[in-house]
Each structure stands twice: as C-alpha cells, then as structure tokens.
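Just so it is clear, the values below take in all heavy atoms, side chains as well, and ignore hydrogens, waters and symmetry mates. If you're wondering where the values come from, they're calculated on a predicted model, not measured in any experiment.
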Amino acid sequence: MGKKIMQDVNFHSMSEQQDLKPKPTTAETPDGVSGQGFFATSLEKAVGLARKNSLWPLPFATSCCGIEFMATMASHYDLARFGSERLSFSPRQSDLLMVMGTVAKKMGPVLREVYIQMAEPKWVMAVGACAASGGIFDTYSVLQGIDRVIPVDVYVPGCPPRPEQIIDGIIKIQELAGNESLRRRNSKEYEELMKQYNIE
Ligand code: SF4
C-alpha cells in the first residue's frame, strides 16, 4: 500500500508536486480602508483578528476523545496551522477550554473551577458525545453534558470525533472569537448567562 502511494507521487510532474505541497497559511485581512501605504480598520476587527489566530487551548481530556486530540496536534493534522499549538495546563494562560471525554459528576465542580479561573475572554468547546451529552453513559455517575455546569460555545459531535471534526470546531470558535464584540463580556446578556451558572 505504501509502495503504491510512493509510485503515485513519483508519477506527478515537478509542477504538480509543487502544487501538492501544503501552502503557507496566512490570516486574512479584515474589512477596512486601504490606500497607498496605509490600511485602516476598526479596533474591534484588529483585536478579533489577533484573538482568533492565537487561541491557547486548555485540553481537559479525561478519556478516549483526548487521544483524537493528540492526533489533531500531531504533524499530520498540525493544529499549529491555526495558531493553536501552544497548549496550556494553566487556566490563567489559556482562553479555549476543550473538554474531551467522559466527565463524572464528581468531576463537575473541578471543571467549573477550571472554567472560573480562566481569564476573559474565554471560549468552551465540548468535544465528542460524552462531553456534549454524556454519550453512551446514561448512568447515575456521569454528567449528562458539560453545559450543566459551564456554558458551551461549540459542540463537536462524534464518538470519537475525527481530527477533521475537531479542526472544524476550532474554526467555528475562531469565527466566534473573530466576530465577537469587544463589549460582549460586559453586556447584560452575558451577565445573565453567567448568573444561570451561578458564576459571578
Ligand atoms: S465520545 Fe466516545 S470516544 Fe469520546 S470519550 Fe466518549 S466514549 Fe470515548
């Protein structure tokens, strides 16, 4: 099988092989006004651009979905292409909480504490069926979805989700971060959302 793939690659011409090389990814320019030697945009868009391309994930991995995340970080899928290669196990230095795996009810308060310790602005991704809904573990001991204890921004379905799906979730979070109003975290709606979870 490996030999067959090598043969196929060798079959391509030099120019075709160059096309097959991964292209360097660059952040797209936000809307704005440009002229000779200058570009102007709003502060909100500039901050959104920086935030979306430098998400620092905190991997809260408790079981098998965490293994898919390892594959997502590794060279083949390479999450670094999205500016998210800097994992943090310190809540204060991360802004994306990725919950991957089964969360027991006893673990709920720990997860909540980690979320509270994260500085604003912060986003949450529930990766896989277990984090989103308890998955197949409809039992007395398993939390039936992490949104019972913390607010969730993006749900990634699957048991386990493929790395492509996790990347799709990251892109959705990037869209939220890039388009979020700078005033959202001080808004009445956000305050009410936090109140629902008893978070000051
Ligand atoms: S969703 Fe499936 S793969 Fe992911 S932690 Fe639950 S049982 Fe494991």
Side-chain angles (χ1 to χ4, degrees), residues 51-52 54-177 180 184-185 189-190 192-200:
R51 281 178 177 173
K52 75 180 266 196
S54 59
L55 289 166
W56 285 2
L58 188 159
F60 194 94
T62 56
S63 49
C64 12
C65 275
I67 310 295
E68 289 297 314
F69 180 68
M70 290 178 203
T72 313
M73 288 305 298
S75 53
H76 188 76
Y77 290 97
D78 193 13
L79 205 60
R81 293 175 297 147
F82 299 84
S84 296
E85 73 274 33
R86 195 276 188 189
L87 300 187
S88 176
F89 294 92
S90 154
R92 307 240 188 258
Q93 279 88 40
S94 55
D95 52 8
L96 171 60
L97 178 57
M98 295 179 73
V99 185
M100 300 167 280
T102 324
V103 180
K105 281 183 183 160
K106 273 191 176 178
M107 187 74 87
V110 178
L111 177 63
R112 190 169 176 277
E113 193 60 30
V114 168
Y115 175 79
I116 290 171
Q117 285 179 348
M118 288 171 70
E120 294 278 16
K122 55 192 171 189
W123 295 271
V124 177
M125 193 194 298
V127 180
C130 283
S133 66
I136 55 171
F137 304 106
D138 187 6
T139 67
Y140 69 93
S141 59
V142 172
L143 197 62
Q144 299 300 293
I146 59 163
D147 55 9
R148 309 240 166 159
V149 289
I150 54 171
V152 173
D153 295 283
V154 169
Y155 297 84
V156 178
C159 177
R162 295 269 309 145
E164 288 91 340
Q165 288 172 268
I166 298 180
I167 288 174
D168 189 50
I170 292 272
I171 293 170
K172 296 271 183 312
I173 292 278
Q174 281 190 316
E175 280 167 19
L176 291 176
E180 184 174 306
R184 180 183 171 230
R185 307 281 161 168
E189 291 77 30
Y190 192 69
E192 269 160 28
L193 175 70
M194 290 298 118
K195 258 194 204 150
Q196 285 174 21
Y197 288 92
N198 270 334
I199 298 172
E200 295 293 312

Does any non-hydrogen side-chain atom of [Y] lie less than 4.5 Å from one of [X]?
X: Thr102; Y: Met107; result: no
X: Ile166; Y: Tyr77; result: no
X: Pro163; Y: Glu68; result: yes
X: Val154; Y: Trp123; result: no
X: Phe89; Y: Pro59; result: yes
X: Ile150; Y: Leu97; result: yes
X: Pro160; Y: Cys64; result: no
X: Tyr115; Y: Pro151; result: yes

Roughly how far, to the nearest 0.5 Å, is [atom2] of [Y] from [atom1] of [X]?
X: Leu87; Y: Met98; atom1: CG; atom2: CE; value: 8.5 Å
X: Ser84; Y: Met73; atom1: OG; atom2: CE; value: 8.0 Å
X: Lys52; Y: Glu180; atom1: NZ; atom2: CD; value: 13.5 Å
X: Arg81; Y: Ile170; atom1: CZ; atom2: CD1; value: 11.0 Å
X: Cys130; Y: Leu143; atom1: SG; atom2: CG; value: 11.0 Å
X: Glu200; Y: Lys195; atom1: CD; atom2: NZ; value: 8.5 Å

**Request:** Show your working on side-chain contact (heavy atoms from CB on, under 4.5 Å) between Phe60 and Ile146 and close with a plain yes or no.
**Result:** CA-CA 12 Å; Phe60 194 94; Ile146 59 163; over 6 Å; no

Heavy-atom pair of closest approach, residues [X] and [Y]:
X: Tyr197; Y: Arg112; value: O-NH2, 3.0 Å
X: Ile116; Y: Lys122; value: O-NZ, 3.8 Å
X: Pro109; Y: Lys106; value: CD-O, 3.4 Å
X: Ser63; Y: Gly101; value: OG-CA, 3.3 Å
X: Leu58; Y: Ser90; value: CD1-C, 4.1 Å
X: Gly66; Y: Ala61; value: CA-CB, 3.8 Å

Would you say [X]'s side chain and [Y]'s backbone share a donor-acceptor pair under 3.5 angstrom?
X: Arg86; Y: Ser54; result: no
X: Glu85; Y: Asp78; result: no
X: Asp95; Y: Trp56; result: yes
X: Gln117; Y: Val114; result: no
X: Asp153; Y: Val124; result: yes
X: Gln144; Y: Val142; result: yes
X: Ser94; Y: Leu96; result: no
X: Lys105; Y: Tyr140; result: yes

**Request:** Could you tell me whether Arg185 atom CZ has more than 12 heavy atoms of other residues or ligands within 6.0 Å of it?
**Result:** yes

**Request:** Just do the side-chain contact (heavy atoms from CB on, under 4.5 Å) check on Glu164 and Ile167 with the steps written out, would you?
**Result:** CA-CA 5 Å; Glu164 288 91 340; Ile167 288 174; 5.6 Å; no

